[in-house]
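To keep things clear, I will list the structure first and then write my remarks on it.
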Amino acid sequence: MIRSHLQFLGMVLQTSRIFSLLLVSSAATLFVVVSWGRLSRNISWTALARKATHTGEDSLLDSGSKFGNIKGNSGPPASVFTTAQKAKTDQTTASTHAAVGETPMPVLSRESFGKLPQWDFEDVYNRDAPPRHTACAQSVQNSEDESFRKAFLPDIRLFMHKDDINMSEWNRLSHFNNPFGFMGFKYDDVMASVKLIPKPKEPLLDTKPGGDGCVRCAVVGTAGILNGSRMGKEIDAHDYVFRMNGAVVKGYEEDVGNRTSVYVHTAHAITRSLSLLKKYGYSSAPNDEGIKYVMIPEGMRDFYWLEGLFKGEKVSAGQYHNKQPRMYYGGQYNESRFYVLHQDFLRYIRNRFLMSATLNTSSWAIVRPTNGAFTLFLALHTCDVVSAYGFMTEDYKKYSNYYFERTTKTSVVFYLNHDYILEKNLWTKLHNSKIIRLYQRADSETGTEELKPH
Ligand SMILES: *[C@@H]1O[C@H](CO)[C@@H](O)[C@H](O)[C@H]1NC(C)=O
Ligand SMILES: *[C@@H]1O[C@H](CO)[C@@H](O)[C@H](O)[C@H]1NC(C)=O
Ligand SMILES: *[C@@H]1O[C@H](CO)[C@@H](O)[C@H](O)[C@H]1NC(C)=O
Ligand SMILES: *[C@@H]1O[C@H](CO)[C@@H](O)[C@H](O)[C@H]1NC(C)=O
Ligand SMILES: *[C@@H]1O[C@H](CO)[C@@H](O)[C@H](O)[C@H]1NC(C)=O
């Protein structure tokens with residue numbers, strides 16, 4: 001499998017970056033704050049829409065490359081490579097007697113890689129999700145944008161569940177750092193939780209009866225642009241409203257709406273928001289009747305969280321040890337309305353749409369799209385028509401970091417683990433290609449027209 005190594009990374013910013021300021025501490029994590037210098041707004045999907053062969057799983061498993069090969073010459077440090085090679089040899093020997101993939105591969109360590117490793121199956125994803133049939137002519141699935149069509153995988157598996165992971169899958173996913181896989185995690189630790197994840201009984205969203213067959217969704221981020229926007233009514237008029245992270249609603253309805261149909265979160269977001277956002281009136285995660293909860297399993301702490309949640313017990317280990325997960329969902333936790341995003345889906349979004357230049361640095365392992373980006377792509381895969389509100393826009397400097405910071409103007413904080421400028425440019429591009437509608441203020445510098453109600 002020879003593919004041009006990292007070619008698709010070329011799409012990202014040709015930028016001069018200035019790493020400045022340090023250290024904002026958030027719970028257990030230390031992030032480096034970065035301020036970005038000049039940037040190019042010119043990004044394209046074509047560069048990254050590499051040939052997506054669907055032969056992936058089979059060739060991956062059948063070729064015996066259960067322990068993956070690094071693409072190109074720029075492999076990882078010798079120690080890791082040796083481990084992987086040795087493991088592969090052992091496995092080859094073993095597999096003459098037993099079926100491939102009966103034991104977990106040796107644990108790879110993120111510290112062994114000086115930048116994002118590129119495996120020859122990097123761009124191979126679990127794609128056996130039932131395709132979404134839509135009668136909607138304007139559906140994003142019917143987009144005529146050539147580069148988007150190439151990058152977009154309508155059949156990618158969105159959700160992870162207990163029947164979907166066997167040893168081959170475990171070993172494949174163990175090559176990717178979290179949240180894109182299980183690198184550095186122990187099989188027993190993760191599987192204690194994964195084996196409890198129920199198979200979703202129904203698709204995340206249904207087409208509303210009596211309509212024109214189009215599923216219309218609003219995805220509401222937390223950006224300051226929403227303050228004073230009076231977009232609440234328009235947001236609520238969608239079939240479904242997605243929110244994520246610190247989704248403060250009460251007291252802000254006029255600007256952000258009052259409905260939440262899908263709430264996307266991590267264990268960190270659902271616990272920390274309570275204390276951090278209390279002063280803005282936030283007292284619970286959204287808990288509308290019948291709400292769907294979607295979890296981004298971003299780290300081991302989320303798997304411990306899930307285990308406690310599904311068992312209805314306290315978290316047994318990790319950062320949220322002894323917390324009662326079920327208490328955080330405002331009485332609306334219900335196993336049949338709970339979904340866990342699949343590592344392949346998260347990696348696909350990074351690889352094909354948001355490949356940050358920072359992945360080429362030693363900080364690679366913490367760099368990933370924001371939860372807002374993951375949520376917007378979840379909507380693009382489950383809705384026909386998607387409007388994004390409260391996402392970063394070209395004129396972001398005019399607004400507070402968050403919409404609920406309305407009394408004092410704050411500035412957008414750039415953490416090294418997210419590439420906000422890359423995301424901002426992607427939202428603009430998706431908007432200009434009519435793939436999403438990005439809410440922008442009429443008075444914005446770019447002069448882009450304000451969204452009109454449907
Ligand atoms: C393991 O699971 C994957 C994904 O569901 C599937 O494609 C593959 O056939 C399974 N392999 C075995 C040996 O069952
Ligand atoms: C949202 O507000 C509308 C009135 O503007 C009201 O009819 C509806 O019940 C509210 N929904 C929720 C979930 O609070
Ligand atoms: C959980 O949600 C499903 C689907 O909405 C519903 O049919 C079921 O009654 C709910 N269970 C409980 C215990 O509320
Ligand atoms: C990452 O580095 C490789 C060479 O090592 C280069 O080809 C690629 O363009 C770089 N990607 C980014 C996004 O800077
Ligand atoms: C938020 O919006 C209100 C109403 O438009 C405005 O008075 C206030 O100055 C805004 N706050 C910030 C921080 O921009």
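Because the structure is predicted, anything quoted here is derived from the model rather than measured. Whatever order the structure lists them in is the order used to number ligands and atoms, beginning at 1.
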R406 to Y252, cation-pi by 6.0 Å centre distance and 45° axis angle: yes

Whether S336 lies under 4.0 Å from ligand 3, heavy atom: yes

R347/D344 salt bridge by N-O under 4.0 Å criterion: yes

Ligand 1 versus I165: contacting region, heavy-atom distance under 4.0 Å: neither

Lys/Arg N to Asp/Glu carboxylate O, R441 vs D395, below 4.0 Å: no

Identity and separation of the nearest protein heavy atom to atom 12 (C) of ligand 2: N258 ND2, 3.4 Å

Polar atom proximity, R259 to ligand 2 (N or O, under 3.5 Å): no

R337, portion touching ligand 3 at heavy-atom distance under 4.0 Å: side chain

Between E234 and Y439, a side-chain donor and acceptor under 3.5 Å: no

Contact atoms of ligand 3, heavy-atom distance to N334 under 4.0 Å: 1 (C), 2 (O), 3 (C), 8 (C), 10 (C), 11 (N), 12 (C), 14 (O)

Those atoms of ligand 1 less than 4.0 Å from some heavy atom in D164: 5 (O)

Distance-only N or O hit between ligand 3 and E202, under 3.5 Å: no

N or O pair under 3.5 Å between N166 and ligand 1: yes

Y402 atom OH: more than 12 heavy-atom contacts under 6.0 Å: no

Within-cutoff protein neighbour (heavy atom, under 4.0 Å) for atom 4 (C) of ligand 2: no

Centroid separation Y329 to H265 less than 6.0 Å: yes

Charged tip of K208 within 45° of Y240 ring normal and under 6.0 Å: yes

Atom 14 (O) of ligand 3 protein-contacted, heavy-atom criterion under 4.0 angstrom: yes

Under-4.0 Å protein heavy-atom contact, atom 7 (O) of ligand 3: no

Ring center gap for Y348 and F353 short of 6.0 angstrom: yes

